[in-house]
Amino acid sequence: MDEALISVDRWVKGSQAYFLTHLHADHTKGLSSMWSHGPLYCSSFTADLIPLKFSDFDLSLLHVFEIGTWQTLNLISRSSGAPTAVEFIAIDACHCPGSVMLLFRGEFGCMLYTGDFRWEVGCERAAKAKEMLAGAIKDDKVDVVYLDNTYCNPIYDFPNRQVAAQQIIDIIASHPDHDVIIGINTLGKEDLLVQISEALKIKIWVWPERMWTMDLLGFYDNFTINTSITRVRAVPQYSFNVETLEELNRIKCPTIGIMPSGLPWVKKSPPKTKSISRAHLTARCKKAEWSEDDDEYEPMGDIGPPEKLHKYIFTVPYSDHSNFAEIMDFVKLIRPKNLKGIVSSSSCYIEPMYYLRLLCQGNRPSEVLNSKLKRKARATVAGSNKKPSGSYNAELVRKRSMTLKARLKRIRLSKHSILRKVRKGAKIPDISADLKTDSDGNQVE
DNA sequence: GCGATCAGAT
DNA sequence: CACATCTGATCGC
């Protein structure tokens with residue numbers, strides 16, 4: 001098996017230390033209540049949540065690190081068998097509560113694993129994190145960055161979370177006589193909900209397990225588990241669908257749904273691409289091909305939605321991952337010698353180096369051209385879930401809008417409802433054995 | 001019956 | 001098409 005000195009968000013036997021950047025399911029595949037492969041290092045908040053997600057987890061294996069403090073691990077070198085020291089420091093990733101990026105120094109060099117992150121321009125918290133990271137790197141050179149490349153493609157352009165949150169607040173405020181349901185996951189988007197709660201001076205309903213998380217975060221006053229005292233409810237995104245909305249409107253009361261996230265926010269053509277004109281692309285993206293209710297379709301503005309996907313549903317581009325511009329800023333700050341993506345399942349997947357090589361160390365334009373040609377040659381034999389597309393591609397955009405339409409149809413046909421999902425006392429899952437994502441770049445050495 | 005894993009849905 | 005999550009089938013024990 002591919003063993004490593006230490007592993008980050010990777011739970012294969014054989015490492016001497018394991019790091020968890022945050023507690024989303026796609027980063028804990030392989031972690032379970034019976035974890036016993038080695039010490040697990042994580043942030044304090046993540047450690048608080050682990051027993052909720054993994055009941056019976058052996059807490060003696062948990063090692064909580066402080067954000068912004070260097071620590072040393074004394075390990076055994078896999079190559080020489082001699083003692084070897086690894087230093088690490090965690091930095092706020094601003095992705096979800098407890099999320100961190102990790103900087104390591106050891107015999108393997110200097111390595112930065114971003115985990116999932118969003119560092120927005122103008123965000124004070126991100127600015128502090130940025131400063132902290134720069135201070136930790138100092139004059140050192142980062143040999144490799146393992147990057148949250150979820151939206152590492154110029155087609156992904158969406159506003160910061162502050163703007164998106166205000167859009168959501170405006171939608172709710174403009175529907176004063178409606179109930180509102182907002183789709184969220186088991187962790188993340190708490191700041192959005194608090195912002196809504198405070199702007200509208202209203203408590204937000206969450207399901208009981210979610211309330212524990214809110215309590216842990218100290219948001220006692222913004223949330224409730226009593227449905228009768230509020231018109232705004234946050235529900236599992238998984239249970240959020242058209243049929244639910246139609247059902248609520250039919251048998252309960254006028255209700256709108258808001259999906260903070262949910263769609264690829266394709267807005268503009270990448271620079272210097274001849275394969276498709278900007279006008280053509282824009283037309284494709286704005287065309288209401290996926291809306292079956294033509295009279296209800298509202299075209300996107302330049303900064304993006306609120307977009308109406310359905311009579312009762314608004315989608316708003318609220319993302320906990322950095323957009324392309326933010327990723328560029330990040331790489332410019334670090335200027336690593338090498339860059340690897342940690343997400344390989346995106347249909348828009350492009351090796352981060354394709355767009356960002358110029359921002360890294362020791363790369364000249366001629367090398368960029370060279371690498372483009374090589375990549376094109378390689379694309380045809382690329383494996384399983386990686387779907388590299390060396391240049392921007394009109395076909396890709398066409399497929400996207402078609403599948404959006406297909407997706408809406410699927411939702412309409414769905415026979416599942418929220419009523420089934422929001423059952424009380426649902427077990428905390430031991431393991432989510434799903435997603436065959438194969439993040440190559442999540443181990444050291 | 002249970003955990004681990006995968007496929008598929010949402 | 002995104003992310004993250006959940007259900008259910010299958011396999012090995």
Side-chain angles (χ1 to χ4, degrees), chain A residues 11-13 22-36 53-54 56 95-96 99 116 118 148-153 155-158 183-189 207 209-210 235-245 257 259-267 284-285 289-290 305 307 309 313 315-324 342-349 384-385 387 389 393 395-418 420-423 426-439:
Chain A
W11 311 101
V12 178
K13 203 154 106 178
H22 66 291
L23 210 47
H24 278 159
D26 53 336
H27 291 253
T28 57
K29 187 189 51 158
L31 190 58
S32 75
S33 292
M34 304 106 65
W35 175 254
S36 61
K53 192 176 176 77
F54 304 116
D56 303 330
H95 169 69
C96 71
S99 66
D116 290 349
R118 185 160 193 196
D148 175 9
N149 58 313
T150 304
Y151 296 120
C152 188
N153 187 315
I155 64 174
Y156 292 122
D157 176 30
F158 43 81
I184 60 169
N185 284 319
T186 56
L187 181 62
K189 308 230 176 4
W207 62 100
E209 292 87 341
R210 202 63 164 89
V235 304
Q237 193 181 76
Y238 180 68
S239 69
F240 181 115
N241 59 48
V242 169
E243 195 182 70
T244 303
L245 261 296
M259 294 179 64
S261 83
L263 290 171
W265 308 287
V266 180
K267 281 304 174 343
R284 285 280 189 193
C285 290
E289 286 179 46
W290 53 80
E307 176 193 359
L309 184 71
I313 298 181
T315 70
V316 181
Y318 188 100
S319 169
D320 287 325
H321 296 272
S322 296
N323 65 27
F324 184 71
I342 63 174
V343 181
S344 59
S345 58
S346 164
S347 78
C348 291
Y349 181 85
S384 56
N385 53 357
K387 306 164 199 164
S389 50
N393 180 331
E395 180 68 8
L396 190 66
V397 175
R398 192 184 62 78
K399 278 186 185 162
R400 171 169 298 109
S401 49
M402 286 180 63
T403 48
L404 278 168
K405 186 172 181 178
R407 172 174 173 268
L408 183 58
K409 276 186 179 162
R410 265 212 317 279
I411 290 175
R412 282 179 174 282
L413 292 170
S414 163
K415 293 290 175 232
H416 297 104
S417 84
I418 184 175
R420 191 189 74 192
K421 300 301 178 190
V422 189
R423 41 157 211 236
K427 61 163 184 164
I428 307 295
D430 288 348
I431 178 170
S432 307
D434 51 9
L435 294 179
K436 52 175 184 197
T437 46
D438 168 27
S439 329

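Here is the naming used below: chain letters follow the sequence lines, and residue numbers restart at 1 for every chain.
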Distance test, side-chain N/O of His27(A) to OP1/OP2 of dT5(C), below 4.0 Å: no

Separation of atom NZ in Lys189(A) from atom C1' in dT5(C), rounded to whole Å: 13 Å

Heavy-atom closest pair, residues His22(A) and Thr28(A): O-CG2, 4.4 Å

Sugar-phosphate, base or nothing in reach of Asp320(A), heavy atoms under 4.0 Å: nothing

Length of the NE2-C1' vector between His24(A) and dC6(C), whole Å: 15 Å

Heavy-atom closest contact (Phe240(A) atom, Ile313(A) atom, distance): CE2-CD1, 3.9 Å

Donor-acceptor under 3.5 Å (Trp11(A) side chain, His27(A) main chain): yes

Integer-rounded Å distance: dA2(C) C1' and Gln237(A) CD: 10 Å

Results of salt bridge (charged side-chain N to carboxylate O under 4.0 Å, His left out) for Asp116(A) - residues two or more places apart only: none

Side chain of Met34(A) (C-beta onward), nearest among dA4(B), dA4(C), dC3(C): dA4(B)

Nearest-angstrom distance from the residue atom NZ of Lys29(A) to P of dA7(B): 11 Å

Closest to side chain of Asp26(A), choosing from dA4(C), dC3(C), dT10(B): dA4(C)

Sugar-phosphate, base or nothing in reach of His95(A), heavy atoms under 4.0 Å: sugar-phosphate

d(CD, Glu209(A); C1', dC6(C)) in whole Å: 14 Å

Separation of dC6(C) P from Arg210(A) CZ (nearest whole Å): 11 Å

Residue Tyr238(A), side-chain atoms from C-beta onward, closest of dC6(C), dA4(B), dA4(C): dC6(C)

Length of the NE2-P vector between His321(A) and dC1(C), whole Å: 18 Å

Asp56(A) CG - dG3(B) P separation (whole Å): 10 Å

Non-hydrogen atoms of Ser319(A) and Tyr151(A) that approach each other most closely: OG-CE1, 3.5 Å

